[in-house]
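Structure record follows, encoded as C-alpha cells.
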Amino acid sequence: MLPHSFAPAEPSGLADSPTSEPLLAGLNPEQRAAVTLPAGHALILAGAGSGKTRVLTTRIAWLLQNGYATPGGILAVTFTNKAAREMLTRLSAMLPVNVRGMWIGTFHGLCNRMLRAHHKATGLPQTFQILDTQDQLSAIKRLCKQYQIDEERYPPKQLQQFIANCKEEGMRPRDVPQHDSVARKKVEIYQLYEDQCQREGVVDFGELLLRSYELLRDNDAIRAHYQRRFAYILVDEFQDTNRLQYAWLKQLAGDVVEGRLQTQGSVMAVGDDDQSIYAFRGARVGNMQDFVREFDVRQQIKLEENYRSYSNILDSANALIRHNSRRLGKELRTQQGPGEPVRVYEAASDLAEAQWLVDEIRQLVKDGMARREIAVLYRSNAQSRVIESALFNAGVPYRVYGGLRFFERAEVKHALAYLRLLENPHDDTSFLRVVNFPPRGIGARSIEQLQDAARSAGCSLHDAVAAVAGRAGTHLGAFVALVDVLREQTQGLNLRAIIERMLDASGLIEHYRSEKEGADRIENLEELVNAAESFVMQEGFGRDAVALPLDEQRAALRQSPASQGLNPDAPRLDLPLPAVDAAARPGAGTADVDLETGETLSPLAAFLTHAALEAGDNQAQAGQDAVQLMTVHASKGLEFDAVFISGMEEGLFPHENALSSQESLEEERRLMYVAITRARRRLYLSHAQTRLLHGQTRYNLRSRFFDELPEHALKWLTPRHPGFASFARTSGAVYAGVSSATDQFGLKSDSPVNAPLPAQKTPPAHGLRVGTAVFHTKFGEGKVLALEGQGEDARAQVQFPRHGTKWLALAVAKLTVVE
DNA sequence: ACAGGAATATTTTTT
DNA sequence: ATATTCCTGT
C-alpha cells in the first residue's frame with residue numbers, strides 16, 4: 001500500500017459525526033458513501049443524471065463541516081466556468097463558508113491564479129495577457145509573414161493546431177520529435193512563436209496549463225507548498241481531461257519516488273467514460289484507467305441511480321451504449337416507472353421533419369409544457385437552419401445556443417485591444433488589431449515598414465514607431481500618442497471611467513455611429529461598460545471564483561433544504577491556510593520563494609483576464625420562455641422535459657467523418673447516449689429521407705443507432721422502412737461499423753422531395769458509398785462525397801486532392817475502390 | 001483603401 | 001446553400 005500522509009485530520013469513514021446528518025439527508029447509499037469516503041484516492045463513476053454535482057459539493061461541505069479540511073485545503077477543478085459557478089453557488093447554499101479561500105475553478109482559471117501568484121518564478125510579467133484562439137491565430141499569421149513562411153505548405157490554422165497539441169502533450173519545441181524537414185520546420189516555427197509570446201508578455205490557453213505544470217514540476221518549494229496545502233483535490237468531468245491536465249494534477253497530488261507516486265493529498269476524480277465526447281480535442285478517457293493504476297485507487301463507486309428520466313429512456317440509453325467496447329461498465333436505473341415510449345418519426349424531407357417538430361412542439365406547449373423545457377438537438381450546427389425557419393414561420397419563440405460569445409465579438413475585441421495596450425504597450429497582437437481601427441490612414445505598407453523596424457531593433461511595434469520616418473511615421477506617431485496619452489489620463493480612474501474614456505478617445509463609438517449596422521455594435525460596447533461594472537461589483541477580481549457576499553450566502557442557506565438543522569448565522573468556516581513550514585520541507589532550507597504573493601492585479605488587468613478566460617454567455621437573449629436549440633455537444637450537462645433528437649441519419653449521426661474507425665464511431669455512440677439521457681419525460685427521435693446539405697439533396701438512411709435501441713421502449717409514429725441494418729446486410733458491410741460504411745445510396749435525383757420513397761430499396765450495384773476512398777486513373781485517389789442516380793445513370797461526386805471535386809458517371813469513369 | 005467577385009470549405013468546442 | 005477568406009481592380 002502506498003504511504004499516505006493526511007492533513008489536517010483523517011476522516012474516519014462512514015461513521016459520520018452527528019452534525020453531518022442534515023448534509024447527507026436524501027442521499028442514496030452510493031452517494032452517501034462517496035461523500036463520506038475516508039482520505040485516499042477515489043474514482044466516482046457518475047452516470048448521467050445521478051446527482052454528480054450534488055455529490056461533489058456535498059463532499060466538500062462534509063469535509064469542511066467535520067473539520068477534515070479547511071477552505072484553503074480544497075481544490076476543485078472543472079472544465080467550464082459555468083460548472084465552477086454552479087459548484088460555488090450550491091456550496092454556499094449548503095454551508096456559510098467563505099468560498100473565497102477555496103480554489104474552485106476551471107483548469108485555466110486555477111493555472112492563471114497560480115501563475116500570477118508566482119509570476120517571478122515563471123518568468124512572466126505579473127500582468128501577462130491571455131490570448132484567446134483568435135488572438136493566437138493572428139499572432140501565428142503575423143509570425144508567418146515576418147519570417148516568410150510558405151502559408152501554403154504551413155497553413156497557420158494547422159500550425160496553431162500543432163502548437164496547441166504539443167502543449168497539450170507537455171512538449172516544448174526541444175521535446176518534439178523531428179523526423180523530417182517538415183517536422184523540423186514546424187518546430188522551428190513553434191520556437192519562434194514561443195519567443196514572440198514571451199517578448200510580448202502574452203500566453204495562450206495551452207501555455208497557462210503548461211507553464212503552471214512546469215512551475216510545479218521544476219520548483220520544489222512551490223510544489224511542496226501546494227501539495228501540503230491541498231489535502232483534498234476534486235476533479236469534475238475527469239473523462240474530459242487531457243494528458244497535460246492529468247500531469248498537472250499529478251504534480252499537485254504528489255511526487256514520484258522510486259517509480260511510484262507518493263501522494264499527500266486525496267484526489268477524488270468524478271467522471272463518466274460513457275459521456276466522453278471530446279476526444280477530438282484532446283480528451284483522454286484513458287486517464288481514468290491511468291488514474292486507478294497510478295494512484296492505486298482503492299475506492300471506486302458507481303452512481304447508477306438516475307433521478308432524471310423514466311425507464312424507457314434509460315433502457316434506450318443503456319441498450320445503445322452496450323454496443324461500445326472497452327467500457328468501465330455501468331447501467332443506469334431508476335425507481336420511476338417506464339413512462340412514455342420513445343417516439344420515432346420518419347419524415348420525407350428535412351423540411352417535413354422541421355414542420356413535424358413544430359407541430360409536435362405546439363402540441364406539447366398546448367398541453368402545458370413550458371417552452372424552455374423543450375429542446376431540439378442536432379449533431380451539427382448546419383442542421384439548425386431549417387428548424388429555425390420552421391419555428392420562426394410558426395411564431396414559436398426559440399433560442400439557439402452557440403455562435404459568437406460576448407467577448408468574442410469584433411467590436412468588443414477592438415475595445416479590449418485598446419484596454420490591453422493601456423496595460424501593456426508591447427502587446428503587438430492588440431497593437432495590430434487597432435492601429436488602423438477606426439481607419440486613420442495607416443495602411444499595409446506603413447505597417448510593414450513598422451514591423452521591419454521593430455524586427456531589426458528587436459523591440460515591440462509600439463517602441464519602433466519612432467524609427468519610422470515620413471508620413472507613415474506621423475500617422476503611427478499619432479496613434480501611439482493617443483494610446484500613451486490615454487494611459488496617462490486614465491491613471492487612477494475607476495474601471496468604468498477608464499472604459500468610457502477609451503471608447504471616446506479611440507473613436508470606436510463614433511466610428512460605429514456612422515456605420516449603417518453599427519447600432520448593435522454600439523450597444524455591445526455599452527454592454528462592455530456594464531460588464532466591467534458588474535465585474536467590479538463582484539468584489540474579488542483577480543480571482544476567477546465568484547463569491548457571494550456573506551449575507552447572500554446566508555439568505556441562500558435559509559432557503560436551502562440541505563441546510564436543515566444548520567445555523568445560517570453560524571460563524572464562517574474562515575480558517576487560516578495551513579502555514580508553510582520551511583524547516584520541515586526537505587531540502588528547502590534556503591528557499592526564499594515568494595509563495596502566493598499578496599500582490600493584486602489592477603482592476604483593469606483583472607477585468608482583461610476575466611474577459612479572456614470567460615468569453616461570456618453562449619446563448620441568445622435570455623428571459624423569454626423559448627424552445628432550446630443546440631448541438632448534442634452543447635446539451636451535455638443539461639436536462640429537459642422533452643427532447644427531440646433530429647437528423648438521426650447515417651452520415652449525419654453518426655457523422656460520416658466518424659465512420660472510418662471504431663473509436664470515432666464509439667464516440668458518436670456516446671454522443672447519442674448523452675443526447676438520450678438529456679430527456680426527463682419525453683424523447684423523440686426523427687430522421688428524414690432527403691436532406692439538403694451543401695446545396696445538394698442527399699438521401700440518407702435511418703441511423704444505425706435505431707437498430708441498437710430496445711424495441712419495447714420505442715413507438716414508431718411512421719411505418720418502418722429498411723434502415724442501416726438491412727442495407728449493411730445486403731451490401732456485406734460489417735454491421736458493427738468496423739468498415740467505413742455509410743449507407744447512402746443513389747435514388748433518382750429528380751424524385752420529388754416530398755414524395756415517400758419506395759418501401760423496398762435496393763442497394764447500389766457499384767458498391768460505392770459516401771466516404772469511400774476511390775482511385776481514378778487520371779485524377780488519382782479521392783473520396784466519394786455524394787452519390788446520385790441508379791444503374792446506368794449512377795453518378796458519384798468525388799473529391800480529389802489535386803483536381804478538386806468532380807461528378808463522374810460511374811458507367812463511364814473507371815473508379816476502383818481503395819481498401 | 002476598399003468594394004466586389006472568385007475560390008474554398010463546411011462535425012463536434014471550452015479555455 | 002452559404003459563410004468566410006482571398007484577391008484583384010479601381
Side-chain angles (χ1 to χ4, degrees), chain A residues 77-84 105-112 130-137 141 151-152 155-157 161 164 167-168 203-210 212 236-237 240-242 244-245 276-283 350 377-386 389 401-405 407-408 436-447 475 544 609-616 618 630-637 647 651-660 664 667-668 670-672 674-675 691-698 771 785 799 804-805:
Chain A
V77 61
T78 63
F79 275 86
T80 63
N81 291 299
K82 196 175 154 206
T106 62
F107 278 100
H108 293 84
L110 297 179
C111 287
N112 171 64
I130 298 164
L131 297 185
D132 68 12
T133 319
Q134 288 176 42
D135 299 330
Q136 188 189 25
L137 184 61
K141 280 183 177 164
E151 294 188 25
E152 297 273 89
K157 275 249 172 60
Q161 190 67 49
K167 291 190 178 185
E168 276 180 9
V203 299
D204 59 42
F205 287 134
E207 187 71 20
L208 282 172
L209 283 157
L210 183 51
S212 176
D236 191 18
E237 305 278 18
D240 287 339
T241 51
N242 62 34
L244 180 55
Q245 285 156 341
S276 160
I277 55 171
Y278 287 113
F280 73 91
R281 65 174 200 214
D350 49 353
L377 310 184
Y378 34 80
R379 173 67 240 264
S380 63
N381 287 304
Q383 291 166 247
S384 76
R385 218 181 188 81
V386 230
S389 77
Y401 283 67
L404 270 197
R405 276 120 94 240
F407 285 113
E408 292 168 351
N436 195 37
F437 195 93
R440 40 176 78 89
I442 299 170
R445 272 215 48 135
S446 315
I447 290 169
H475 284 147
D544 31 281
T609 300
H610 167 78
L613 288 180
E614 184 155 13
N618 205 354
M630 68 193 82
T631 64
V632 180
H633 282 91
S635 76
K636 191 175 166 208
L652 261 187
F653 200 3
H655 196 273
E656 58 194 17
N657 295 357
L659 300 176
S660 53
S664 57
E667 181 147 316
E668 294 289 302
R670 292 192 292 269
L671 200 49
M672 182 64 190
V674 167
R691 179 177 297 275
L692 209 57
L693 192 67
H694 307 329
Q696 284 180 331
T697 306
R698 306 217 334 192
L785 291 184
Q799 182 181 45
T805 49

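Owing to the predicted nature of the structure, the values given are computational and were not obtained by experimental measurement. Here is how names work: the chains are called A, B, and so on, in the same order as the sequence lines, proteins then strands, and each is numbered from 1.
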Checklist outcome for this item: Atom CD of E152(A) and atom C1' of dT5(C) are separated, to the nearest Å, by 13 Å
Item to check | Atom-to-atom span, CG of L613(A) to P of dT14(B) - whole angstrom | outcome: 14 Å
Item to check | Under 3.5 Å donor-acceptor pair, T133(A) side-chain atoms to dT15(B) base atoms | outcome: yes
Checklist entry - Mind checking whether L208(A) and L613(A) have side chains closer than 4.5 Å, heavy atoms only? => result yes
Next on the checklist: Rounding to an integer number of Å, can you tell me how far Q161(A) CD sits from dT14(B) C1'?
Outcome noted: 14 Å
Checklist entry - Which pair of non-hydrogen atoms, one from Q134(A) and one from E408(A), has the smallest distance, and what is that distance? => result NE2-O, 3.5 Å
Next on the checklist: For the base of dT12(B) and the side-chain ring of H633(A), does the geometry meet a stacking cutoff of under 5.5 Å between centres and under 30° between planes?
Outcome noted: no
Checklist entry - Contact class for N381(A) (heavy atom, under 4.0 Å): base, sugar-phosphate, or nothing? => result sugar-phosphate
Checklist entry - Taking the six-membered ring for Trp, does H694(A) stack with dT10(B) (centroid gap under 5.5 Å, planes within less than 30°)? => result yes
Checklist entry - Taking only residues two or more places apart in sequence or in another chain, which ones pass ring pair (Phe, Tyr, Trp, His ring centres under 6.0 Å) with F107(A)? => result F79(A), W248(A)
Next on the checklist: Taking only the P atom of each, what is the distance from dT5(C) to dT12(B) in whole angstrom?
Outcome noted: 16 Å
Checklist entry - Looking at residues at least two apart in the chain, or sitting in another chain, which of them share a salt bridge (charged side-chain N to carboxylate O under 4.0 Å, His left out) with E168(A)? => result none
Checklist outcome for this item: For DNA chain C, consecutive-pair runs of 3 or more (Watson-Crick or G-U wobble, both H-bond-type distances under 3.5 Å) give B:1-10 with C:1-10
Next on the checklist: Using only atom types and a distance under 3.5 Å, with no angle test, would you say the side chain of S384(A) pairs donor to acceptor with the backbone of N381(A)?
Outcome noted: yes
Checklist entry - What integer number of Å spans the P atoms of dT13(B) and dT4(C)? => result 15 Å
Next on the checklist: On the nucleotide dT14(B), are OP1 or OP2 found under 4.0 Å from the side-chain N or O atoms that N81(A) carries?
Outcome noted: no
Checklist entry - For R670(A), which residues count as a salt bridge (charged side-chain N to carboxylate O under 4.0 Å, His left out) partner, sequence neighbours excluded? => result E667(A)
Checklist entry - Rounded to the Å, how far apart are H108(A) NE2 and dT13(B) P? => result 17 Å
Next on the checklist: Parallel, tilted or perpendicular, judged at 30° and 60°: which one describes the rings of H108(A) and F205(A)?
Outcome noted: perpendicular
Next on the checklist: Given 3.5 Å as the limit, does a donor-acceptor pair link the side chain of D204(A) with the main chain of L131(A), or not?
Outcome noted: no
Item to check | Options dA1(C), dT15(B), dT11(B), nucleotide nearest the side-chain atoms of R405(A) | outcome: dT15(B)
Item to check | L692(A) CG to dT10(B) C1', straight-line distance once rounded to whole Å | outcome: 14 Å
Taking only nitrogen or oxygen atoms into account, show me every contact under 3.5 Å that the protein makes with nucleotides 7-10 of chain C, one pair per line with its distance.
none

Next on the checklist: Is any side-chain heavy atom of M630(A) closer than 4.5 Å to one of L377(A)?
Outcome noted: yes
Item to check | F79(A) vs H655(A), nearer the 5' end of DNA chain B by closest nucleotide | outcome: H655(A)
Under 3.5 Å, which N/O atoms of the protein pair with N/O atoms of nucleotides 1-5 of chain B?
residue, atom, partner, partner atom, Å
dA1(B), OP1, G443(A), N, 2.8

Next on the checklist: What's F280(A) touching, base or sugar-phosphate or nothing? Going by heavy atoms closer than 4.0 Å.
Outcome noted: base
Item to check | dT10(B) phosphate, OP1 or OP2, under 4.0 Å from R379(A) side-chain N/O | outcome: no
Item to check | Flag side-chain contact, heavy atom, 4.5 Å: K636(A) against D240(A) | outcome: yes
Item to check | Length of the line joining Q696(A):CD and dT10(B):C1', which is rounded to integer Å | outcome: 13 Å
Checklist outcome for this item: Rounded to whole Å, the OH-P distance (Y278(A) to dT11(B)) equals 17 Å
Item to check | Rounded distance (Å) that lies between atom C1' of dT15(B) and atom CD of E168(A) | outcome: 10 Å
